[in-house]
Amino acid sequence: AQSVAQPEDQVNVAEGNPLTVKCTYSVSGNPYLFWYVQYPNRGLQFLLKYITGDNLVKGSYGFEAEFNKSQTSFHLKKPSALVSDSALYFCAVRDMFSGGYNKLIFGAGTRLAVHP
Amino acid sequence: EAQVTQNPRYLITVTGKKLTVTCSQNMNHEYMSWYRQDPGLGLRQIYYSMNVEVTDKGDVPEGYKVSRKEKRNFPLILESPSPNQTSLYFCASSFVTSGSHEQFFGPGTRLTVL
């Protein structure tokens, strides 16, 4: 079965420090991977995606993610965290076999708290 | 502005009282989908639609209905809501081709069933 795991419920980081939010996946075939962010009382906003090509993907708000096929990981990173980055982050993988082929399988989410 | 809208944003209701949550998108997307978000579970797909008059069950369809009479609208219907349907609901849309397109999400509807 296809799945996504976000092993950390919460990540705490000081403003200005680098941040990493972890994600591992299990899929058959080549994965289509996504990161979304949810700010309080807002919908999910797309951050970035990996489809093919360079393993380092750059996205919105200075975020990037590194695709590692051998470790089946897609960690979200940012070189210097801002307090405004505090939010709930979801990793997702496209389901290749159901849901109309566009269904996303989400991880449980990781709450990022950036402290001043 | 390209967007997915949902109404209402917040709803408190009682067990058994039929309700509809509306979803509309202005991006001419073929694919629309409903998810529910529960703590520790992420988002799970309820129903999806590949195009007008084409709908199918997702992973957690029990207790829900949908319809797709127009391309832009995809309402979620709870015929007889129960407390276990208390959740945060998101509508999403995207193009169908290749599946590499990101999905656009609405702002969410927080439903409480008493």
Side-chain angles (χ1 to χ4, degrees), chain A residues 1-10 21 23-25 27 29-53 57 59-60 63 65 87-111, chain B residues 2-7 9-10 21 23-25 27 29-51 54-61 66 68 74 88-110:
Chain A
Q2 303 183 100
S3 64
V4 173
Q6 293 180 243
E8 301 154 318
D9 290 337
Q10 179 151 333
V21 182
C23 171
T24 59
Y25 64 90
V27 299
N30 295 321
Y32 287 7
L33 294 157
F34 302 82
W35 275 102
Y36 285 85
V37 59
Q38 184 180 21
Y39 297 103
N41 299 316
R42 304 279 296 275
L44 275 72
Q45 295 180 30
F46 169 77
L47 277 180
L48 51 78
K49 64 183 177 183
Y50 173 81
I51 305 301
T52 186
V57 179
S60 307
F63 283 93
L88 185 58
Y89 290 80
F90 289 99
C91 180
V93 65
R94 181 190 143 211
D95 187 335
M96 305 291 190
F97 301 105
S98 65
Y101 313 114
N102 275 28
K103 184 178 84 174
L104 294 175
I105 298 171
F106 285 86
T110 298
R111 188 163 298 281
Chain B
Q3 60 182 347
V4 179
T5 57
Q6 293 178 229
N7 283 292
R9 293 289 312 279
Y10 303 91
V21 183
C23 172
S24 184
Q25 51 91 9
M27 294 168 280
H29 287 159
E30 303 94 350
Y31 185 90
M32 297 186 76
S33 180
W34 277 102
Y35 292 87
R36 60 178 287 173
Q37 181 185 350
D38 300 292
L41 296 177
L43 282 78
R44 294 175 293 167
Q45 190 185 57
I46 303 170
Y47 266 94
Y48 68 93
S49 170
M50 299 285 286
N51 214 323
V54 181
T55 64
D56 207 346
K57 297 176 181 178
D59 294 324
V60 288
V66 293
R68 188 91 181 271
F74 190 46
L88 180 58
Y89 291 86
F90 288 103
C91 181
S93 72
S94 69
F95 292 112
V96 167
T97 52
S98 79
S100 64
H101 298 283
E102 62 269 27
Q103 292 194 27
F104 291 80
F105 285 81
T109 295
R110 186 167 293 282

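Here the structure is a predicted model, which is why all the values come from computation and not from measurement. Chain identifiers are assigned alphabetically (A, B, ...) following the order of the sequence lines, protein sequences preceding nucleic acid strands; residue numbering begins at 1 within each chain.
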Whatever's closer than 4.5 Å to a heavy atom in chain B on A:Q45 counts as neither
Nearest heavy-atom approach of A:F90 to B:Q37 is CZ-NE2, 3.3 Å
Note: B:E102 and A:F34 closest approach over all heavy atoms is CA-CE2, 3.9 Å
Tightest non-hydrogen contact, residues A:A108 and B:G40, listed as CB-O, 3.4 Å
**Request:** Find out whether B:L88 and A:Q38 are in side-chain contact, i.e. whether some heavy atom of one side chain is under 4.5 Å from a heavy atom of the other.
**Result:** yes
Applying a strict 4.5 Å limit to non-hydrogen atoms, the region of A:I105 in contact with chain B is neither
Residues passing the salt bridge (Lys or Arg N to Asp or Glu O under 4.0 Å) test with B:R68, sequence neighbours excluded, are none
| task | Flag yes if more than 12 heavy atoms outside A:R111 fall under 6.0 Å of its CZ atom; otherwise flag no. | result | no
query = Quick one: does B:F90's side chain get under 4.5 Å of A:L44's, heavy atoms only?
reply = yes
Check whether more than 12 heavy atoms from other residues, nucleotides or ligands sit under 6.0 Å from atom CG of A:N30, and answer yes or no. no
### Non-hydrogen side-chain atoms of A:K103 and B:Y35 separated by less than 4.5 Å
yes
Practice task
Taking the side chain as every heavy atom from C-beta outward, state whether A:Y36 and B:L43 have any atom pair closer than 4.5 Å.
Solution key: no
Looking only at B:G42, B:P39, B:A92, most heavy-atom pairs under 4.5 Å shared with chain A are made by B:G42
